[in-house]
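Shown next, in structure tokens, is the structure this report addresses.
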2 protein chains.
Amino acid sequence: MNYKASQTLILNNVSRFIDLTELEKQKYISLLTEVKVEKKDFLMQAGEIAKYEYFITKGCLKVYTLDEDGAPHISMFAIEDYWTGDLSSFMTKEPSRYYIKATEHSELLGISRENYDLLFREIPKFERFYRILYQKSLISYIRRSNYGISLTAEERYLEFKKKYPQIVNRITQKDLAAYIGITPEFMSKIITKVNRM
Amino acid sequence: MNYKASQTLILNNVSRFIDLTELEKQKYISLLTEVKVEKKDFLMQAGEIAKYEYFITKGCLKVYTLDEDGAPHISMFAIEDYWTGDLSSFMTKEPSRYYIKATEHSELLGISRENYDLLFREIPKFERFYRILYQKSLISYIRRSNYGISLTAEERYLEFKKKYPQIVNRITQKDLAAYIGITPEFMSKIITKVNRM
DNA sequence: TAAAAGTCTTAAACTAGTTCATTTTTTTTC
DNA sequence: GAAAAAAAATGAACTAGTTTAAGACTTTTA
């Protein structure tokens, strides 16, 4: 069958861990919803229940919370070929504490909670897909959970630049500061210093 | 069949997410290895390849790395009914950066990498078990990955005390400092301050 | 294309957390 | 159960990162 570019992208992503028959591919695609968001628009806001988990086929989004003082803390930037959403709210059906906002025009494929549950019943192989996907995410979050605690801000910045060179140039310095966990002023100092070296 | 207390504990843990037949239970138990470690002994050291993932049936252990200055950074405390190990090294078969040391006499059930792979072939339901287990761990690590960045040391301490009251009294203040990401001196100050309030 | 809004830079005064040194208290070991 | 070792407390001097404020630069919008 003939798939759109976005559908081919998600099928390739899935085929990293499991093999699907042509019929299974079609079934899977039929369970997904296309979503588009313009720059600065929200995919989701705090207080809502996360209805979907998303695969990004184009663009860039930031996932963040606001603290009591209204200051944003960015927990991830998501670009093409990445998954995003609020897994906690998606699973528990409790209101989310997260905002997801597009930093560029973005296109996504979403799977609803009903279709996610259905997927495991219709194509049990997807248990394996998600087992491996979550395992890999878990490994990177376990590593990351100590960064804020054991590295200086400058080290965290250098790590980020090294690990996500494709992202650094697509986001503002201010958003990067909110991800690194420092003020925009101190981010500016770090960048000036690092460039001087 | 009659199971040991430790075996009953792990079967109950597994049955939170999947149902096993009597035969499957016996098969699963047969794939596990019993391990005991005395206080201050290592379950694993940096440089080794993580041969097992462990379920703790008794005791308490700390999982940590050493930084360039030789200072420890504890990434988790593991007690009864928890899973531990270095998932990254276990999966990639690359040398681990972690030490796992018993802070009390501890007893564990380990599954080797060969048996872990075999398990999915023999009882595919375990894909579901690990999918859900990793999903839940992922949710808590996603939440935690921002703590070091967005909370003060005092807030992190209060969070830990609230979330793991059973653990606080079993570990030293020094180890807690290495987990919170501060010096033992500052940990002491925080505790004095919090107790005064 | 001009005005408005947002982003980045610089600098001075401040605060959370570190470092180093010493003493007291608790735990371990023989 | 005494001696040794480790953990905890306290305090003074220090540093990484914050706050506030103001000006320069860049992007968005009408």
Side-chain angles (χ1 to χ4, degrees), chain A residues 37-41 60 62 64 66-74 77 101-105 146-161 167-197, chain B residues 37-41 59-60 62 64 67-74 77 101-105 146-161 167-197:
Chain A
V37 266
E38 289 309 317
K39 183 170 177 171
K40 290 194 182 177
D41 281 351
C60 183
K62 55 184 176 187
Y64 63 96
L66 294 180
D67 66 21
E68 318 82 64
D69 305 331
H73 295 274
I74 295 178
F77 297 103
K101 196 181 206 174
T103 64
E104 304 172 2
H105 166 87
N146 292 306
Y147 277 16
I149 277 167
S150 60
L151 300 185
T152 64
E154 184 176 329
E155 289 167 330
R156 277 177 270 150
Y157 165 66
L158 293 172
E159 281 278 354
F160 184 84
K161 231 174 101 168
I167 298 185
V168 179
N169 306 306
R170 282 167 82 168
I171 59 177
T172 62
Q173 229 167 274
K174 201 185 169 190
D175 277 349
L176 185 50
Y179 176 87
I180 300 281
I182 55 175
T183 57
E185 292 87 346
F186 195 55
M187 184 83 258
S188 171
K189 271 185 206 170
I190 288 174
I191 289 177
T192 308
K193 186 187 164 201
V194 167
N195 288 341
R196 230 183 317 109
M197 298 199 304
Chain B
V37 266
E38 288 312 315
K39 183 168 178 175
K40 292 196 180 174
D41 280 352
C60 182
K62 56 184 176 186
Y64 63 96
D67 66 20
E68 318 84 62
D69 305 330
H73 295 273
I74 295 179
F77 297 103
K101 195 180 206 173
T103 65
E104 304 173 0
H105 166 87
N146 292 307
Y147 277 16
I149 277 167
S150 61
L151 300 185
T152 62
E154 184 175 328
E155 290 167 329
R156 275 175 272 150
Y157 166 65
L158 293 172
E159 282 277 355
F160 184 84
K161 232 175 98 167
I167 298 184
V168 179
N169 306 307
R170 284 168 80 169
I171 58 177
T172 62
Q173 227 167 275
K174 201 183 168 192
D175 277 349
L176 185 51
Y179 176 87
I180 300 280
I182 56 176
T183 57
E185 291 90 342
F186 196 54
M187 184 81 258
S188 169
K189 274 182 204 172
I190 288 174
I191 289 176
T192 308
K193 186 188 163 199
V194 167
N195 288 341
R196 232 185 312 108
M197 296 199 305

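Values reported hereafter were calculated over all heavy atoms of this structure, with side chains retained and with hydrogens, waters and symmetry mates removed. Protein chains get the first letters and strands the later ones, always in sequence-line order, with residue 1 at the start of each.
Going from atom NZ of A:Lys174 over to atom C1' of D:dC25 covers 15 Å, rounded to whole Å. Atom CD1 of A:Ile191 and atom P of C:dC8 are 8 Å apart (whole Å). Atom C1' of nucleotide D:dG17 and atom CD1 of A:Ile190 are separated by 9 Å, given to the nearest angstrom. Look at CD1 on A:Ile149: it is 12 Å from P on C:dG17, rounded to the nearest Å. Between the NZ atom of B:Lys193 and the C1' atom of D:dA9 there is a distance of 17 Å, rounded to whole Å. With rounding to whole Å, B:Glu104 atom CD is found 14 Å from C:dT27 atom P. Across the protein-nucleic acid pair, B:Asn195 atom CG and D:dA8 atom P stand 13 Å apart, rounded to whole Å. Distance CD (A:Glu185) to C1' (D:dT19): 8 Å, rounded to an integer number of Å.
No salt bridge links A:Lys101 with A:Asp41; every basic N to acidic carboxylate O contact stays at or beyond 4.0 Å.
For the pair A:Lys40 and A:Gly181, both in contact range of DNA chain D, the more 5′-proximal nearest nucleotide belongs to A:Gly181. Position along DNA chain D of the nearest nucleotide to B:Asp175 versus B:Lys189 favours B:Asp175 as the more 5'-ward residue. Residues B:Thr152 and A:Met187 each lie close to DNA chain C; by heavy-atom proximity, the contact nearer the 5' end of the strand is made by A:Met187.
Between A:Thr183 and D:dT18 there is a side-chain polar atom (N or O) within less than 4.0 angstrom of OP1 or OP2. OP1 or OP2 of D:dT10 lies within a sub-4.0 Å distance of a side-chain N or O belonging to B:Thr192. OP1 or OP2 of C:dT9 lies within a sub-4.0 Å distance of a side-chain N or O belonging to A:Gln173. A close approach under 4.0 Å does not occur between any side-chain nitrogen or oxygen of B:Ser188 and OP1 or OP2 of D:dA8. At least one side-chain nitrogen or oxygen of B:Lys39 sits closer than 4.0 Å to the OP1 or OP2 atom of C:dT28.
Checking D:dG17, D:dA8, D:dT19 against the side-chain heavy atoms of B:Thr172 singles out D:dA8 as nearest. When each of C:dA21, D:dA16, C:dC8 is scored by its nearest atom to the side-chain atoms of A:Phe186, the top-ranked nucleotide is D:dA16.
Relative orientation of the A:Phe160 and A:Phe77 rings is perpendicular, given thresholds of 30° and 60° on the angle between their planes.
Side-chain contact between A:Ile180 and A:Ile74: absent, with no pair of heavy atoms (C-beta onward) separated by less than 4.5 Å.
Screening B:Leu151, B:Ile182, B:Val194 against B:Tyr157 for a side-chain contact (heavy atoms from CB on, under 4.5 Å) leaves a single residue, B:Val194.
Side chains of B:Glu155 and B:Thr152: a donor on one and an acceptor on the other come within 3.5 Å.
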